[in-house]
Structures are given as C-alpha cells and as structure tokens.
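Input: a single structure, listed below in structure tokens.
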Protein chains: 4
Amino acid sequence: MLPIGGNNLTHIMSKKIIRRESIIQAAIEVFSKKDFKTASISEIAQKAGIADGTIYQYFKSKEDLFFSIPIEKTNEFRSQLELHLEGISGAFNKIRKFVWYFLYFFKTNPDYGRILMLEMRVSKSFVKTETYGFLKQSVSQVMNIITEGQNEGVIRQDTDIYVLRHLILGILEHMVSRWLLKEEKYDLLEHHEEVSRILIDGLRAIPPNHLT
Amino acid sequence: MLPIGGNNLTHIMSKKIIRRESIIQAAIEVFSKKDFKTASISEIAQKAGIADGTIYQYFKSKEDLFFSIPIEKTNEFRSQLELHLEGISGAFNKIRKFVWYFLYFFKTNPDYGRILMLEMRVSKSFVKTETYGFLKQSVSQVMNIITEGQNEGVIRQDTDIYVLRHLILGILEHMVSRWLLKEEKYDLLEHHEEVSRILIDGLRAIPPNHLT
Amino acid sequence: MLPIGGNNLTHIMSKKIIRRESIIQAAIEVFSKKDFKTASISEIAQKAGIADGTIYQYFKSKEDLFFSIPIEKTNEFRSQLELHLEGISGAFNKIRKFVWYFLYFFKTNPDYGRILMLEMRVSKSFVKTETYGFLKQSVSQVMNIITEGQNEGVIRQDTDIYVLRHLILGILEHMVSRWLLKEEKYDLLEHHEEVSRILIDGLRAIPPNHLT
Amino acid sequence: MLPIGGNNLTHIMSKKIIRRESIIQAAIEVFSKKDFKTASISEIAQKAGIADGTIYQYFKSKEDLFFSIPIEKTNEFRSQLELHLEGISGAFNKIRKFVWYFLYFFKTNPDYGRILMLEMRVSKSFVKTETYGFLKQSVSQVMNIITEGQNEGVIRQDTDIYVLRHLILGILEHMVSRWLLKEEKYDLLEHHEEVSRILIDGLRAIPPNHLT
DNA sequence: AATGAATGAGAATTCATTCAT
DNA sequence: AATGAATGAATTCTCATTCAT
C-alpha cells in the first residue's frame with residue numbers, strides 16, 4: 001500500500017499545476033484577440049471557468065500572467081525543434097529545417113503567435129523581462145547553426161554573426177506577423193522553400209562573381 | 001490686390017491646417033512614449049497648447065488622430081526616397097540606396113519609427129485602415145526595383161516577387177524595431193552595407209554552384 | 001458697463017468654489033458616519049449630486065479630499081474664537097471662554113467633530129500631513145493665553161507649558177469624544193463651568209498649603 | 001496515576017487555550033501596525049503559524065477577534081494596579097500612583113496601547129460591545145479613589161464625580177495617544193509628577209482664594 | 001471655433017469567509 | 001481539528017467624449 005500522505009500531496013500538486021495551465025490556456029485565447037490593456041481578467045477567468053479572484057492565487061498580477069505565457073510555449077518550441085534537427089547534417093540543411101519548423105510552429109500555434117509577434121515582441125517592458133532573456137536563449141540554436149556553417153566553410157565570415165541572425169529571424173518573424181495580420185488567409189508554409197533558398201544564397205561563402 | 005475675402009479665407013484655412021499639424025506633431029511625441037491605450041488626449045492637447053475638446057474639432061476620435069499620423073510622414077518618406085534614387089542605375093545599386101535610405105529615415109525619425117514599427121505595424125485595426133493601403137503603395141518602389149532587376153536579368157525569377165519584397169522589408173523593419181527597442185543605443189546605419197550585400201547575394205540570379 | 005471677461009471669470013471661479021465646498025460638505029456627512037476606509041467616493045458623489053469622476057477634478061484622491069476637510073473648518077474655528085475672546089481680559093477669563101467655545105463649536109459641528117476627534121486625531125498618516133501642522137497652529141491661542149497668565153503671575157511656572165496645553169486640550173478632546181461616542185445623548189456644555197473651575201485651580205500659581 | 005481520558009482532555013483543553021492566546025498575541029502585533037480594515041486575517045494567521053481558516057475555529061469573525069483583545073489585557077491591568085495600590089493610604093497618594101501606573105502600563109505595552117487608544121477607544125461599534133462595559137469597570141478604581149477622597153474631605157464635592165473621572169482619564173488617555181502618535185520618541189513617564197500635581201490641585205477641596 | 005467641466009463606464013485587485021478534504 | 005483553495009463582492013480612479021457657454 002502506498003503512503004496516503006504522499007499520494008495526496010501529489011494529487012494536490014497536480015491539481016494546482018493543471019489549474020495553472022488552464023488559466024494560461026484561457027489567457028492565450030483572450031490575449032490573442034485583444035491587446036494587453038483591452039483584455040480583461042474577468043474574461044480570462046470566465047473562459048477558465050473560475051472566479052476572478054482565483055487567478056490571483058496563481059499569478060501576482062495581470063502582467064505576471066501575461067509574461068508567464070511564453071515560458072512554457074518556448075520550452076515546447078525548443079524541445080520540438082531539437083527533435084526535428086536530430087540526425088540532420090550540414091548547416092544549410094539545418095537552416096532549411098529551422099525555417100520550416102519556425103513557420104510550422106506558428107502555423108499550428110496562431111494564438112500564441114499573435115501574442116508573441118504582435119504584442120510582446122514589440123513591447124518595451126517585455127524586453128526588460130526575464131522571460132525575454134529566456135526567449136532569446138531559445139533561438140540560440142540559430143547561432144549554433146551559423147557558427148557550424150562558418151566552421152564548415154560554407155557560410156560567409158565577412159559578416160557579423162549577429163547581423164546574420166537578425167536576417168534570418170527578421171524574415172521569419174515578418175512572415176509570421178504578416179500572415180497573422182492577414183488573418184491566416186493563406187498557407188504560412190507556402191513559400192518556405194523559396195525563402196530558405198534565398199536566405200542560403202545570401203549567407204553562402206564565396207559569393208559568385210559580382211557583376212554590378 | 002487680391003480680394004480681401006479670399007485672402008481671409010486662405011488665412012483661416014492655413015490656420016486650420018497649421019493647428020491640425022501641430023496636433024499631429026504633439027501626438028507623435030506622446031504616442032511614441034506611450035502606447036495607444038496609455039497615451040491620453042489630455043496630454044496631447046496640453047503639448048499642443050490647446051484644450052482637450054478642440055482636438056475633436058480636427059479629428060473624429062483618438063483612433064482617427066492616431067491613424068492620421070502616418071499620412072504626412074509617408075509622403076515625406078516617398079518624396080525624399082525618389083530624390084535619393086534619382087540618377088542611380090542598376091537594380092542592385094538602387095537596392096543599396098533603398099536599404100540605406102530606409103534606415104536613415106528612421107534613424108532621423110525615431111519617434112515616428114516607434115509609432116509605425118512598434119504600434120501600428122502590429123495592429124489589426126490599422127491593417128484595415130485606408131492609411132495602411134496608402135503606406136503599402138509607398139513602398140511600391142521596392143517592387144519596381146525588383147521588376148527592373150528581373151528584366152535586367154540580375155535578379156532571380158524563380159521566386160515570387162512578393163516573397164522578395166517581404167524579405168527586403170522584413171529585414172529592414174526588424175532592424176529598425178530592434179534598434180528602437182534597444183533604445184537606439186547603437187548606430188542603426190552601422191551594418192547597412194553588409195545587409196545590402198547579403199540581400200543582393202540572396203536575390204541574385206544564376207546562383208553559384210550549389211555544394212550542399 | 002463692466003468688462004464681460006472679468007465678470008465671466010468671476011462667475012466661473014465662484015461656481016468652482018461653490019462646487020468644491022458642496023463636495024466637502026457631502027464628505028463631512030459621509031465620513032462622519034463611516035470611517036475613511038468604509039466610506040465610498042460613490043456615496044459622497046451621490047450626496048453632492050454629481051458624478052463620481054467629478055470629485056477627481058477637485059481633489060487628487062480620496063485621501064486628499066479627506067484631509068481637505070479640516071482646513072476650512074479650522075479657519076472657521078479660529079476666526080470665531082478670536083471674536084469670542086475679543087474684549088476679555090485676564091488669563092483665567094480667557095480660559096473659561098476658550099473652554100466654552102471649544103465645546104460650543106463641536107456641539108454645533110458634531111459631524112465634523114466625529115471626523116476630527118474619532119478619525120483624524122488618531123491617524124498616524126494624518127499627523128504627517130501639513131493639515132495637521134495647520135491644525136496645531138490653530139490652537140496656539142491656548143499657548144498665548146497660558147503665557148499671558150504666567151506673565152500676569154496667576155498661572156504656575158513650575159510646569160512645562162506644553163504639559164499645560166496638553167492638559168487643557170486633552171480634557172476637552174476627551175469630553176467631545178465621549179459625547180460623540182454616546183451619540184450626543186446629553187448636553188456637551190453641561191459641565192463646562194465645573195471643568196473650567198477645576199482646570200483653573202490646577203493651573204493656578206501659588207497653590208494652597210499641601211496637606212497630603 | 002490519573003485516568004488517561006481526563007489527562008488527555010485537560011491536555012486538549014489547554015492546547016486550545018494556548019492556541020487561542022497565540023492568535024490574540026499575533027492579532028495584537030498586526031492590529032497595532034495597521035488599522036482594523038487594513039490588517040488582514042491572513043497576516044495574523046501567518047504570524048500565529050496557522051492556516052487562515054483555523055482562526056474561524058476560535059473566533060466568529062475578524063471583528064470578534066479584534067474585540068477579544070482587550071479582555072485579557074484589561075485583567076492584567078486591573079490586577080497589577082491593585083497590587084501597586086496596596087498599602088498606599090490617602091486619596092492623593094493613590095491618585096499619584098494611579099497616574100504613574102497608567103502611564104507605566106502603556107509604556108510597557110505600546111502595541112496594545114495603539115489598539116486600545118488609537119482604534120478601539122474611538123470606534124462606535126466598540127462602545128456597544130460587552131468588552132467596553134468590562135473595560136469601564138476596570139477603571140472603576142478611579143471612582144473609588146475619588147469617593148474616598150471626598151469622604152476624607154480632601155477632594156472637592158462641588159463637582160460631579162463623573163466629571164472628575166473624565167478629567168483624570170481624559171488627560172491620561174490624551175498623553176498616551178500623543179506619545180504613540182509621536183512614535184514613542186520621548187519618555188511617557190517624564191512628566192507624570194507634574195501632571196499629578198496639577199490634577200490634584202484641580203481636584204483639591206477648599207481651593208485657594210479666588211482672585212480672578 | 002474654442003473651451004474645459006462634467007460625465008460614467010470600465011477594470012484590477014483585495015480579502016473575509018466558507019467548505020470539501 | 002486543521003487546512004487553504006476558491007469565492008465574488010466591493011471600490012478607487014482614469015479618461016475619451018460631449019456640450020453648454
């Protein structure tokens with residue numbers, strides 16, 4: 001027979017975790033439709049099926065709840081990306097996969113995309129958050145791939161590595177943002193191959209004879 | 001001597017126009033520091049040196065005022081850009097100039113940049129505005145340059161022209177946004193040549209032998 | 001004919017002052033029935049016949065409104081007291097009058113009394129207010145009377161003057177407080193002569209032969 | 001050996017009493033820092049090392065807990081006072097001792113003083129409490145002393161005995177209140193002799209020749 | 001045309017109290 | 001008996017907008 005106390009504790013813990021996650025899920029739905037100021041705690045509580053006050057047992061404030069959203073989502077992104085990159089060799093192949101996965105992730109998480117791309121990414125207070133630091137780390141894989149490509153000799157070394165990262169992420173974030181603003185009316189993955197191709201040609205070492 | 005009536009009318013008209021512009025100028029200052037919800041009509045009125053109620057003689061609502069900001073700024077951007085492209089031949093040279101001018105414009109207009117890049121570009125209601133359509137036109141020059149390059153045979157034709165445009169603007173907007181969020185702590189023009197080079201290599205027709 | 005502008009301005013000013021006073025009057029009524037925390041801005045606004053928000057055009061906050069109450073009341077107290085002391089000579093006669101007037105003032109201003117005696121006088125944050133300093137000044141007349149009596153040689157000089165002041169005010173405040181807590185069921189002025197007599201005997205110089 | 005059941009019961013009983021007292025002790029600490037409304041049950045529970053809900057096993061409500069505070073403290077005051085008066089003869093000597101003990105008690109119990117003097121003494125609902133009646137009894141010793149003095153012929157009989165009591169308690173309560181509001185920055189006992197002297201001179205029968 | 005006083009809807013947050021475990 | 005999660009009522013203050021002057 002298992003000890004009742006331990007069992008009970010576990011049960012309570014998981015109940016708390018489940019509720020916390022259900023609040024975050026409700027928050028994602030609400031914040032993806034209205035901006036931070038416009039969205040209301042009441043609406044989130046209602047969607048989560050709990051009382052307004054209960055939210056404050058799990059989060060210090062509306063802002064705390066808001067900034068808690070990316071944390072689990074980022075973990076999901078990062079761990080899945082790792083799986084997808086598994087077994088792929090060559091920097092360019094990895095970049096192709098990264099481009100695809102980035103777009104795929106937001107295609108399948110448009111609500112979260114709206115929050116991250118159209119709200120947070122653009123908020124000065126978010127940049128000061130620790131969540132932001134956490135998020136930046138999470139795309140550090142891009143940096144690794146670039147470095148790998150430079151070591152392989154296939155990616156140009158005449159350019160600041162941060163500039164290259166900005167290029168890649170800038171393009172991808174822009175694509176996702178436009179797609180969301182256009183209300184997801186087309187397939188976000190549609191052009192992923194073309195985009196990869198151009199990106200890779202831009203990054204490639206030993207560029208072709210300049211004619212211009 | 002001109003008829004007094006007409007003179008008077010002109011005088012009144014210009015007074016109205018001048019006041020309208022002074023309101024917009026005040027709005028740019030205020031909206032660049034606070035987001036749409038946080039900024040207050042009162043503060044704008046105070047900065048413009050008029051009464052709160054007076055703003056409603058010139059603009060239907062807070063939103064109307066907000067969305068009126070880009071119009072004159074866009075005209076300025078477009079006309080100046082034309083001057084800068086004057087006399088330059090070759091699609092790649094024009095792209096280099098466009099990249100430079102785009103960054104230069106926001107380097108010298110950071111307040112407007114904050115509003116356009118960190119607020120409007122990301123607002124669903126803005127996308128539905130006629131101002132948005134107007135803004136899109138204003139970067140149509142990029143499209144012309146791309147087409148020109150394709151006709152010259154120097155820009156790849158295997159890729160959707162809209163995708164190419166997104167690439168260019170996505171990178172530039174991303175650069176400006178990051179710079180603004182980092183509180184303009186570095187020189188926005190710092191990397192403009194590297195960025196142009198990579199962009200052009202990515203766009204270039206007859207890409208080099210693929211080794212990957 | 002008087003200048004319209006001036007007339008108009010005066011008119012507006014007095015309207016603002018009148019409204020301010022009507023808010024304070026409503027606040028006195030409400031705060032005298034409920035303590036600071038329990039009383040609500042809504043109730044005050046309703047009693048003043050205006051919208052909740054209007055109060056915030058006249059007072060920065062609930063606290064600001066609360067602490068604004070004593071200011072005009074204190075002015076009233078002080079100026080009336082001066083009139084009542086006019087023409088009275090002799091420190092003891094003045095003390096008798098002061099005792100009478102103090103009790104009389106709160107007998108005729110019980111609502112204000114409840115606020116001052118049962119709320120403010122007992123609040124640590126009030127002691128830090130400038131209103132508190134203002135209030136202390138307002139009873140400085142007591143000090144003058146005591147000093148006068150000491151110079152006349154009729155009031156004892158073996159005791160700290162502040163102690164004497166505390167004695168007088170302590171007794172009077174206590175009488176008012178008890179009377180208010182007992183819901184004004186008896187006449188506050190009932191014992192004013194006895195109290196004066198005892199007080200004066202306590203203060204008197206050349207005390208009688210101590211037998212104890 | 002005593003029967004186990006009885007022992008156990010006693011044990012349980014005392015455990016309940018001890019916990020009740022520890023809650024009251026925690027309440028004194030918390031209520032002395034914040035007023036009734038501002039103090040929270042949560043904070044009291046935390047300070048007592050128990051769960052919020054547990055408090056409601058010992059007290060009906062927050063108010064009930066609040067008003068339970070003075071009961072034991074009053075018993076302490078009364079019994080100690082009796083000891084201090086023991087063996088002292090003469091009404092004036094007793095008054096001197098009473099003044100001293102009153103101030104001494106609050107000097108050594110400032111937390112309770114804050115609650116009694118700055119909160120309860122001023123609360124209309126407290127006056128209706130049975131605790132209030134109990135408290136009033138506890139200072140009935142003053143009445144006894146006054147009567148004693150009148151019988152001895154040393155205390156004036158031309159004045160209502162309740163007025164005399166109010167005088168004494170009013171002065172003492174005022175002294176304690178001021179001292180607490182001034183954050184105990186000086187010695188509360190500093191002036192106790194002067195105060196006694198003046199009080200006694202005020203109360204004394206056959207007052208000196210009135211010159212006024 | 002300009003003013004600015006008045007409006008009143010709206011929202012985050014706190015906390016005493018309950019009750020299932 | 002003890003717990004502490006959940007409740008939901010209650011309140012201050014802000015601010016876009018209106019409208020009488």
*Check every strand shown and say whether Ile55(C) touches a base, only sugar-phosphate, or nothing at a heavy-atom separation below 4.0 Å.*
nothing

*Could you please name the option among dA16(F), dA2(E), dT13(E) that lies closest to any side-chain atom of Ile41(B)?*
dA16(F)

_Residue Lys16(A), side-chain heavy atoms: nucleotide from dA5(F), dT14(E), dC13(F) that is nearest_ = dA5(F)

_Thr54(C) side-chain proximity, nearest of dA2(F), dA16(E), dT7(E)_ = dT7(E)

*In dot-bracket, 5' to 3', how would DNA chain F read with Watson-Crick or G-U wobble pairs under 3.5 Å, [ ] for crossing ones and | for pairs to another strand?*
.||||||||||||||||||||

*If each of Ile50(D) and Thr38(C) is mapped to the nucleotide of DNA chain F with the nearest heavy atom, which maps nearer the 5' terminus, i.e. the 5' end?*
Ile50(D)

*Side chain of Tyr58(B): nearest nucleotide among dA2(E), dT13(E), dG8(F)?*
dA2(E)

*asked:* Does Ala39(B) reach a base, just sugar-phosphate, or nothing at all? Heavy atoms under 4.0 Å.
replied: sugar-phosphate

_OP1 or OP2 of dA2(E) versus the side-chain N and O atoms of Arg19(B): is any pair under 4.0 Å?_
yes

*For residues Lys124(C) and Ser32(D), report the shortest heavy-atom separation together with the two atoms involved.*
NZ-O, 4.4 Å

*Counting heavy atoms from C-beta on, name the nucleotide in dG8(E), dA16(E), dT12(F) closest to the side chain of Tyr56(D).*
dA16(E)

*Indicate whether any N or O donor in one side chain lies under 3.5 Å from an N or O acceptor in the other, for Ser125(D) and Ser123(D).*
yes

*If you check the Gln57(B) side chain, which of dT17(E), dT3(E), dT3(F) turns out closest?*
dT3(E)

*asked:* When you compare the side chains of Asp64(A) and Ser61(A), does any donor N or O come within less than 3.5 Å of an acceptor on the partner?
replied: no

